[in-house]
**Q** 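This structure is in C-alpha cells; I'll ask about it shortly.
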Amino acid sequence: MPFDIATPSAPELKTLFSSNVRIHDIPSYFHVNAYNHPDIPVMTSANPDEVKGVMWGLVPHSARSVGEALSTRKKTLNAAAETLFSAELFRNYAPHNRCLIFVNGFFEWRKGENGKTPYYIYSPDHKPFALGGVYASWDHPDWARPYGCSIITTEADRLMTEINNTKFRMPLVLPQDKWSQWLDTSQHPEQIMELMLPFEGLTAHPISSIISDREMDSNVPEVQQEIILPPDDWF
DNA sequence: CCAGACGTTGTT
DNA sequence: GTCTGG
DNA sequence: CCAGACGTTGTT
DNA sequence: GTCTGG
C-alpha cells in the first residue's frame, strides 16, 4: 500500500531524538517510489541508538542467489500486520527484527468519478513520524546492501478509508510513546499485535499529477503541494 | 525501477 | 523490442 | 520429488 | 528454512 513516501533529512530527524541517538547521513526524498528500493531512515531493534539507511525491500536470510534477492525484495515492500507472525517470509523476523521507519508523509490515490487523485498524507505538526517495519540482513559477496526492510500495513483509519477507498489499508503508524515497546524484543507476539492498529491523527490534501508524470522528476518540493480540487472531487 | 513475459494448446 | 506486474 | 516460491496490492 | 505446484 504505501509504495510512495517522503523521507526526512538528517536535521529533521534530529528534532525527534536526544543527542545520544546517532543519525547517519541518509539521502532524503520529497517523493520516492518503493520499486526504486531506496535507502530509507530506519531504527532497528538491534540498534535503537541509531538511525541508518536501510534498503526498502526485505531480502530473507535464506536467499540463495542475487537473482533470488532481486525477485524477492520487490514482493516484500509491505508486510500485512495480520499475518506478520505467521507468513513464511516474515515470521522469522517479526519477533526480533522489528524497526521504525521515519517518514515525513506518504502518498495514496483516491478513486473518484473522474479517475484517481493523488493525496499527500502527513502529520498535522509537519514533523516526521514513525512507521512500523520488519527487517532482515543478507550477506553475499556480490551484494552491497546487507539490510532490507518491509513497511507493515494495517486496516485504514477514518481518513485513509476516504482516500484509499478501494483497498482500505494504511501503513502502521506508531506514536512516539510506543516506539520503545515496538523495538523491545522481549515483547510477546500478542503484545506486538495489539500495537498494529489503525492510526487516527494524520491529515491530508490533494496534490498535482507531478507524482505520476513520467516526464517529470517527482523528487521535488512541489510534489507535496496542495491543489484545489473541483468541489465534487473532494470528500 | 526492472525482471520476466511476450502464446497457444495434444505432447510425453 | 515492448509491455507489465510487483 | 524438487524447483521455485515465500508477498502485497500501483498511477509510472 | 519451509511450503507447494506441477
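In what follows, chains carry the letters A, B, and so on, assigned in the order in which the sequence lines appear, proteins first and then strands, with residues in each chain numbered from 1. Keep in mind that what you see is a predicted model, and the values were worked out from it rather than measured.
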**Q** Rounded to whole Å, how long is the line connecting atom NE2 of A:His61 with atom C1' of E:dT2?
**A**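 Those two atoms, NE2 and C1', are 15 Å apart.
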
**Q** Using a heavy-atom cut-off of 4.0 Å across all strands, would you classify A:Ala87 as base, sugar-phosphate, or nothing?
**A**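 Result for A:Ala87 = sugar-phosphate.
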
**Q** Rounded to whole Å, how long is the line connecting atom NZ of A:Lys116 with atom P of D:dT12?
**A**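 Computing the A:Lys116:NZ to D:dT12:P distance gives 7 Å.
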
**Q** Just to confirm, is there a sub-4.0 Å distance from OP1 or OP2 of D:dT8 to any side-chain nitrogen or oxygen of A:Thr83?
**A**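 Answer yes for this pair, as a side-chain N or O of A:Thr83 is under 4.0 Å from OP1 or OP2.
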
**Q** Starting from the 5' end of DNA chain D, give me the residue, A:Tyr35 or A:Pro60, whose nearest nucleotide shows up first.
**A**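 Counting from the 5' end, the first nearest nucleotide belongs to A:Pro60.
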
**Q** Would you mind reading off the distance between A:Arg73 atom CZ and C:dG5 atom C1', rounded to a whole angstrom?
**A**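 My rounded result for the distance is 15 Å.
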
**Q** P atom, B:dT9 versus C:dC3: distance in rounded Å?
**A**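 Rounded to whole Å, the distance is 24 Å.
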
**Q** For C:dT4, give its Watson-Crick or G-U wobble partner with both distances under 3.5 Å, or none.
**A**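 Paired with C:dT4, as far as the under-3.5 Å criterion goes, is B:dA3.
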
**Q** Do we see a donor-acceptor contact under 3.5 Å between the side chains of A:His31 and A:Asp4?
**A**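 Note: A:His31 and A:Asp4 side chains meet the donor-acceptor criterion.
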
**Q** Using the C1' atom as the point on both nucleotides, what is the distance between C:dT2 and B:dG7, in whole Å?
**A**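 Looking at atom C1' only, B:dG7 and C:dT2 are 16 Å apart.
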
**Q** For A:Thr76, answer base if it contacts any base atom (sugar-phosphate contacts may also be present), sugar-phosphate if it contacts only those atoms, and nothing otherwise; contact means non-hydrogen atoms under 4.0 Å.
**A**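 Answer is nothing: A:Thr76 stays at 4.0 Å or more from every strand.
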
**Q** Hydrophobic clustering (ILVMFWY, side-chain heavy atoms < 4.5 Å, transitive) - are A:Tyr35 and A:Val32 grouped together?
**A**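 A:Val32 and A:Tyr35: one cluster.
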
**Q** Considering only atom C1', compute the distance from D:dC2 to B:dA5 and round it to an integer number of Å.
**A**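 Here D:dC2 and B:dA5 have their C1' atoms 24 Å from each other.
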
**Q** Can you figure out which of D:dT12, D:dC6, B:dC2 approaches the side chain of A:Ser212 most closely?
**A**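 That would be D:dT12.
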
**Q** Quick one: do A:Glu200 and A:Arg158 make a salt bridge, cutoff under 4.0 Å?
**A**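 Answer for the salt bridge query: yes.
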
**Q** I want to verify a distance call: between C:dG5, B:dC1, D:dT9, whose nearest atom is closest to the A:Asn78 side chain?
**A**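 The closest nucleotide is D:dT9.
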
**Q** Determine whether a donor-acceptor pair (one donor, one acceptor, N or O, separation below 3.5 Å) exists between the side chain of A:Glu88 and the base of E:dG1.
**A**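 Answer is yes: a donor-acceptor pair is held.
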
**Q** Between A:Glu108 and A:Lys75, who's closer to the 5' end of DNA chain D by nearest nucleotide?
**A**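 Nearest-nucleotide comparison on DNA chain D picks A:Lys75.
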
**Q** Looking at E:dG1, does its base get a donor-acceptor pair with the side chain of A:Arg64 below 3.5 Å?
**A**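 Such a pair exists between side chain and base.
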
**Q** Check whether any side-chain N or O of A:Thr153 sits under 4.0 Å from OP1 or OP2 of D:dT9, and answer yes or no.
**A**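 For D:dT9, OP1/OP2 do have a side-chain N/O of A:Thr153 under 4.0 Å.
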
**Q** In whole angstroms, how far is the P atom of B:dC1 from the OH atom of A:Tyr29?
**A**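 To the nearest whole Å, that distance equals 12 Å.
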
**Q** Taking the cut-offs as 6.0 angstrom to the six-membered ring centre and 45 degrees off its axis, would you call A:Lys52 and A:Tyr147 a cation-pi pair?
**A**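 Relative to the ring axis of A:Tyr147, which defines the angle, A:Lys52 lies inside both limits.
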
**Q** Base, sugar-phosphate, or nothing for A:Asp213, non-hydrogen atoms under 4.0 angstrom?
**A**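 Sugar-phosphate only.
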
**Q** Just N and O in the side chain of A:Arg169: are any of them under 4.0 Å from OP1 or OP2 of D:dT9?
**A**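 Answer yes for this pair, as a side-chain N or O of A:Arg169 is under 4.0 Å from OP1 or OP2.
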
**Q** Could you report the tightest heavy-atom contact between A:Glu68 and A:Ser62, atom names first, then the distance?
**A**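 Distance-wise, the nearest heavy atoms are OE2-O, 4.4 Å.
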
**Q** Rounded off to whole Å, could you give me the NE2-to-P distance for the A:His31 and D:dT12 pair?
**A**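 Distance, rounded to whole Å: 10 Å.
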
**Q** What's the CZ-P distance between A:Phe3 and D:dT12, to the nearest Å?
**A**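 So the CZ-P distance, A:Phe3 to D:dT12, works out to 12 Å.
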
**Q** I need the CG-C1' distance between A:Asp4 and B:dC1, as an integer number of Å.
**A**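 A:Asp4 atom CG is separated from B:dC1 atom C1' by 12 Å.
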
**Q** Round to a whole Å and report the spacing from CG of A:Leu70 to C1' of D:dA5.
**A**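 About 15 Å, once rounded to whole Å.
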
**Q** Report the residues that fulfil ring pair (Phe, Tyr, Trp, His ring centres under 6.0 Å) with A:His24, sequence neighbours left out, ordered by chain and then residue number.
**A**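 If we apply the ring pair (Phe, Tyr, Trp, His ring centres under 6.0 Å) test to A:His24, skipping adjacent residues, there are no hits.
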
